[in-house]
Amino acid sequence: MTAPAIRVLGVDAGGTMTDTIAVDAAGRFVIGKAQTTPADESEGFVASVQDALAYWDVLPDSAFPQMASGVFSGTAMLNRLLERKGRRLGVIVARGFEDQLLMEQGIGTWLGYSYADTLHVITHRHHEPLVPRVRVTGVGGRIDPTGEEVIPLYESDVEQATIELLEAGVECICISFPFSWRNPDHERRAQHIAQAVIEAAGEDVAIRISSEVCPKRLELARLNTMIIDAYAAEPSREHLLNVRKRTTDFGATFDLRIMAAAGTTISIDAPHLVSTLVSGPIGGCVGARYLSQRLDQPNIACADIGGTSFDVALVVGGENEIRPAGDIAHFKMNLPMVRMDSVGAGTGSFVRVSPFSNRLEIGPDSAGSRIGTSNPDGGIDTVTITDCDVALGRLDPDYFLGGELPLDRPRAEAAIYEQLARPLGISVEEVASGVIELFESELGRQLKSTVTGQGFGARDFTLLGYGGGGPLHVAGFSQGLGFDDVLVPSWAAGFSAFGCVCADYAYRLDRQFDQPLPQGDSNGEAGNFIQALNDIWANLRARIAEEFRRSGVAESDIQWQPSLRVQYTGQLNDIEVPVASLEFTGPSDLAGIADTFEAIYGKVYGNAARSPEVGYYVTLGILTGSTEIEKPVLVVEPMAPADDIENARKPTREVYADGRWQPVGIFDLDAMRAGNRIVGPAVLEAPSTTFYVPPGRTATLDQHRIFHLRESETG
Amino acid sequence: MALKLDDAFQTADAGIGADGACLRSMLEESERLFAETGYYCGLESLPLKESAPIRYEKMHSRLRGGVVTSRETAMRVAASPLVANMGEVCFVLCTAEGDSVAVSTGIIVHVNTMSQAIKYMVRNDYEDNPGIKPGDIFVNNDCRISNVHPADVQTHVPIFHEGELVAWASGVTHEFDVGATVPGSSTVGPINRFEDGIDLPALRCGENDRLHRDYVDRCMNRVRTPEYWMLDERTRLAGCHMIRQLALEMIADEGVDTFKQLLHEAVEDGRRSFTARVRRTMVPGKYRAPVFVDCLFADEPSLPPEAAVDTLFHIPVAVDVTAAGTLNVGLRGANEWGLHCFNCTPEAIRGGLWAVLAQTFMSNDVVNDGASFAVGLDLPLGSWANPGHQLTAHTDAWYPLTPLAHALAKPLSRGYLARGYLEEIIAGWGSPNMLQGGQLSDSGIGTAVCNMEVVCSGGGAGLVADGLDYASIGIISVIDMGDIEDWESMEPLIYLGRTVKCDSAGAGRYRGGLGFDSLRMVVDPCSLQNHAPGKVFDGSGLFGGYPPGTAYRHNLHDTALPEMFAARQPYPTADWEGGSVPAGEEQLDDHTNTLLESYCRHDLYLSVIRGGPGAGDPIEREPAAVEADLRSGVLSARLARNVYGVETTTDDAGRAVVNIAATETQRGAIREQRAARGVPVADWMERERERVLEGRFVPPIKNMYRSSMKLSDSWATEYRDFWNLPSDFEF
């Protein structure tokens, strides 16, 4: 093989492993893995990249200068947040609002819980606040919901608060007042006063105000977003700069970008990095969007099974769905994120028989990266999904992670017998296959509900399965759902990293608007509305242009996509409505907004749910600015005969399928060639993934090295 | 066969139920079989579950998961913050006879209310008149039929398969306003049915999946928040239709007979699971947890004389746990219903029971009507808990129901203690003040205000940890204070503060969860009420723990706040020292349950959301935990010394530091004081007996006991026996 010209590099640092994908000009790719190094992520970055490049016998020094684009998705910020190792902050709020971080609005005690734990009040807990109560100070002053001043700003309070926070040794001061998105006057004045105090004291302490960082409604989410940016995101910039330095040390000429929750990539130099806090799981969704566009399949449902969770997201019309505000851990946040439905069911989920009802229960807790009872060193005594896969012969205990982690099958079988089979009075293999069936049917139900919850049917979609457990279970959970086609990329294990390099280079900014959509042609009203909207877009446009300018991108190279969030008046859930123009000129421009909203709303919730009589309300103005960036091409391999599979064949193994033990063909996934077709039952193995093709299904590898899983032809 | 059908009922003609039976005979047959066999529908075995446990589980999780998902999706349609933000919505799939099979999250209090509403329609031959056909929509909010209070509005949609009614999909939302004589959701003021707001007594409100035009018009014109009403209406309908779709898909996949079999087995399975859990976690016997709530309206000039009275609710909670694992929950001794809006129905009582059981007892399990078949209710007819009268008012049935639900935690916790499930123990919950009322529009007609941050009271303590601070209430688990910016956008008041309340936790070895103060300043003219149990403790501590403090009100009218603001003087952000803010009128008293009063701009209204009860003796609390509470400002030095017996000094940084030696001395002194104060029980009883004999009680208490004895002979006998009174003793 000639030395490949590597064009794009994606690196996804997860909680335990850092995955790399490097793609050459022809679309060929290699996947590397290394341990994540939380203390300095750049080490894991380099190790993972070297692991990948080694498959091609290439050294970083020669590879990096050829690359046109590179994206990194890190985990340092999230770790910093979860481990409470962020910066020492001070917070200034309106008097009387000092306890909001402690109180978490109550909802913080159960946000993200399973159905059972949500009900079970004794499991609800408060969390240690990011900023201790003693460094949260209130100052007099109030703005009301209409933006009117009800209580003047007590300027001397601000001075005093700043002095106290400086004495407390804070590194940054965050200021957030109610309704500052409506009227930022108090926040701005407080900023100036605090700035003067800081300067007078000769200190170097940054000040942030919520009307700039997050000019959106709902005070706790806004405060959390600003605090987390200062607490966890900003101090992690150093990590990212280290990673970038490694790339330039290797001779890279591209500007390493980072993945953001809305499915875009942004520069490490962006003023606020909080949007990149949760990015790993987003990568896969963005990869799905990319495949959707390249394969001309507008609608893709992506399903990612990890050790602890099952994440489902939709690509509709070639685009990711965005929700305007998502939660991170137990924090209410005000950040746009790729919409993903996540349930606590993964390959590490525990399986038990309830002593009360003698019924099987799966999860919600999980062994996570400790695998299960089959992992002799994992310290796990309760049966997991993976244990059942091992007992059924689907997973080779000697080839788990390519043999790096030997599993103990008899130990798993004994645990399954003792904990499940004996209480239910059925055999180990019956109960293990029953558990898998139940697990997969639950995932299938989740998947289906995501699709139908958005007003679609499965037949409108192609399903894409990836993640550590995706290829193993995708055939099971997609069974009978009616998907048009089921795709399993042969790089499923590195799919999130792949997705990172598929993302646009774009900034998405938004701003609270909160005005009723003028109906009819009451001209003055419409004119004010249009003016206000145009002002928002002009403001967002200037900010985005500035962010690009920092990275040397000219405004003329930016493409703009404005949109609005619209809801029925009085309703709290809004829908994103794209609009054609960045500048409205007259009332006629507004007519299309309601029509588009009605069309989307009726599709999602059914026409019976429409309520046009209450009128429309525009909550947010949104602007996305993007610029061209090189993305990976998909490999195009010559087609081999369908049955030319002997090179890939490994010794057969007994697998429990269709209610009996039977010898099943085992194949080396990486040795398979485009055009090859495998009829189930079969197991396809690669070091990082195991793909199970059950009886009645056929997997065909296409020219892009993507498997298509279909019903076998009968006869 | 799932259902053993009588020959006679098989030949019933033109019914829409199984094999042409009418629904009423199906329901009667189901009840007969249960009465005769003790098994739901006579299901002595569960053939589907036993022969194919995996398939059964798959189908069951598909049903439950589908109902949960329907709620999630339908909520996005919803408008009112009660529904969309607070999650005050719940869906359920019921059998053809009306027994609930699968329930979503949300206000689980309604597991049974919707079920009973369906049974009302079935028993009253709705299939004959007005008729039940595919595409029909029924609505109910009538408490006499089955509801907690009129603000809970139910939608019921029949599910047909090939002409047979095979199941029902039902949903309920909690409305901001139901058009009662005074605005609000749990309105206080109505004294009879005619003042209770819009009346929707299980009526057909739509056909062919569409709401009737006349019904929509009627609702839009009859409530103060019509936009919210209509959007919630559609939420319920959308959710019911999703559940219907789920059921029809399942019938297509599994066959209708298997589907019906599953529904019946799931109910029986729920019953068995419940009794197994009772046997495992409780010890048979009788558990008591009486509680009292006051309702003082004697001084209300706006009420007619017959309603302007002071009342004390007697809530004598008694739980019989049988060896078979069934529960009998009794309120023998409850006093009479009254001309107020706090009357409950048996379905409301059962709802309160479910809410607590679902949160504490069976949260990991299937919640459905199966459990209903293992729980008996004993509610004296004519009492506030079972008025049996067609014209009673119910707008705020929650007022006695909340403390009742909270009291139920105690029998359960005693069972857990006896069995060693220490982590599950919870001493109860705190009761909040509910800010309610109306904003005056330009026309002078009020719109509704109803703030639901009240669901974030303090949780009760356990025996391994303190209670949950400001995030818990017995009647719902998916609690949320909501954003202040949301509430202020809907209310004529702003928040001057939402602040953790010092000394609000009930003391104990483990203290209750903390409560908080919301101090509100009026910006637009409005009428508001205070609404909390006041003069009495509406819940005790557990195992020697203390209750949280009683409620009080602190409001200011005609304040000098504008002058204070102009002068940049500090203003209150939580409860404040009485008299320290100049005002025309200051209300600082225990008058905590009032009708509407007028408020003007810059008036102050304090909402006290109380803490939870404690567990265990406070003088056994770890001094370090007391120190931590002192340092974080949630406990005063006074209570630390007097209640916890903890003595502290102050370090250089001004922080409290426990003085161990002085603490031991103080705790010893408290023990001695207790011993000195103690008298032999026999002496105490003799003294109190004299009081009873002479009737030396304030009138409301005397009236309460008189009424309790009148309604329940058995309670009267117990009372007389306990105090060794003459057999003809009466108050």
Side-chain angles (χ1 to χ4, degrees), chain A residues 95-100 102-107 109-110 115-116 118-122 124-126 133 138 140 142 144-145 150-152 154 156 178-179 217-220 354-357 359-361 424 434 437-438 441-442 445-446 449 453 568-573 605-606 608-609 611 614, chain B residues 53-54 57-58 61-62 65 68-69 73 76-77 79 81 84-85 105 209 227-228 230-231 234 237-238 269 273 276-277 280 358-360 363-365 423-424 426 456 459 468-472 477-485 488-489 494-500 519 523 565 568 573 632:
Chain A
R95 287 192 62 198
F97 286 66
E98 298 92 336
D99 288 342
Q100 56 182 316
L102 285 177
M103 296 169 100
E104 306 177 86
Q105 290 182 356
I107 193 176
T109 58
W110 59 271
Y115 173 91
T118 297
L119 286 183
H120 198 185
V121 68
I122 218 79
H124 298 192
R125 292 273 179 281
H126 279 289
R133 175 65 183 77
R142 269 307 311 270
D144 79 4
V150 185
I151 303 174
Y154 283 29
S156 61
F179 296 105
R217 184 189 180 91
L218 302 184
E219 73 275 1
L220 182 60
S354 159
F356 302 114
S357 60
R359 291 169 49 181
L360 277 171
E361 290 174 353
L424 290 178
E437 222 182 289
L438 193 58
S441 86
E442 183 59 18
R445 200 190 57 69
Q446 287 292 342
S449 76
Y568 285 125
T569 304
Q571 200 180 355
L572 289 177
N573 291 292
Y605 300 114
S611 304
V614 299
Chain B
I54 306 288
E57 199 52 50
K58 265 171 72 178
S61 77
R62 182 173 168 187
V68 171
T69 314
T73 308
R76 288 189 218 124
V77 185
N85 264 7
T105 45
D209 289 348
E227 308 83 9
Y228 292 155
M230 277 325 294
L231 287 158
R234 294 192 168 99
L237 191 54
D269 201 11
S273 172
R277 203 168 268 268
R280 181 107 167 202
Q359 282 204 64
T360 57
S363 44
N364 289 316
D365 221 319
E423 297 85 353
E424 298 292 330
I426 184 163
C456 288
L468 187 63
D469 294 332
Y470 31 76
S472 187
S477 62
V478 284
I479 53 83
D480 183 3
M481 284 177 202
D483 280 271
I484 284 175
E485 289 187 346
E488 288 190 357
S489 299
I494 62 165
Y495 281 77
L496 290 190
R498 191 191 253 174
T499 307
V500 177
L519 182 61
V523 288
F565 296 152
R568 304 294 192 269
T573 55
S632 60

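The sequence lines fix the lettering, A, B, ..., with proteins before strands; numbering per chain opens at 1. Computed from a predicted structure; not experimentally measured.
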Taking side chain as everything from C-beta outward and backbone as N, CA, C, O, which of these in [X] sits under 4.5 Å from a heavy atom of chain A? Side chain, backbone, both or neither.
X      : value
B/V500 : both
B/T69  : side chain
B/L496 : both

Among A/R133, A/H124, A/R125, which has the most heavy-atom pairs under 4.5 Å with chain B?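 Highest number of heavy-atom pairs under 4.5 Å: A/H124.
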Contact leader toward chain B among A/D99, A/L424, A/D144, A/T109, where contacts are heavy-atom pairs under 4.5 Å: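 Counting heavy-atom pairs under 4.5 Å, the top option is A/D99.
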Shorter than 4.5 Å, heavy atoms on both sides: which option in B/G65, B/P53, B/S472, B/G497 has the most such pairs with chain A?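 Ranked by heavy-atom pairs under 4.5 Å with chain A, first place is B/G65.
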Selection from B/S489, B/G459, B/S632 maximising heavy-atom pairs under 4.5 Å formed with chain A: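 Maximum pair count with chain A is reached by B/S489.
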By ring pair (Phe, Tyr, Trp, His ring centres under 6.0 Å), which residues pair with B/Y495, not counting sequence neighbours?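 Not a single residue meets the ring pair (Phe, Tyr, Trp, His ring centres under 6.0 Å) criterion with B/Y495.
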With A/F179 via ring pair (Phe, Tyr, Trp, His ring centres under 6.0 Å) - residues at least two apart: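 In terms of ring pair (Phe, Tyr, Trp, His ring centres under 6.0 Å), with neighbours along the sequence ignored, A/F179 is linked to A/W181.
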Shortest non-hydrogen separation from [X] to [Y] and the atoms involved:
X      : Y      : answer
B/D269 : A/S357 : OD1-O, 4.5 Å
B/I494 : A/P145 : CG2-CD, 4.5 Å
B/E485 : A/L218 : OE1-N, 2.7 Å
A/W110 : B/I479 : NE1-O, 2.8 Å
B/L468 : A/H126 : CD1-CD2, 3.9 Å
A/G106 : B/M481 : N-CE, 4.0 Å

Does a side-chain heavy-atom distance below 4.5 Å link B/E488 with A/E219?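 No, side chains not in contact.
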Are B/E57 and A/R359 close enough for a salt bridge, meaning some N to O gap below 4.0 Å?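 A salt bridge links B/E57 with A/R359.
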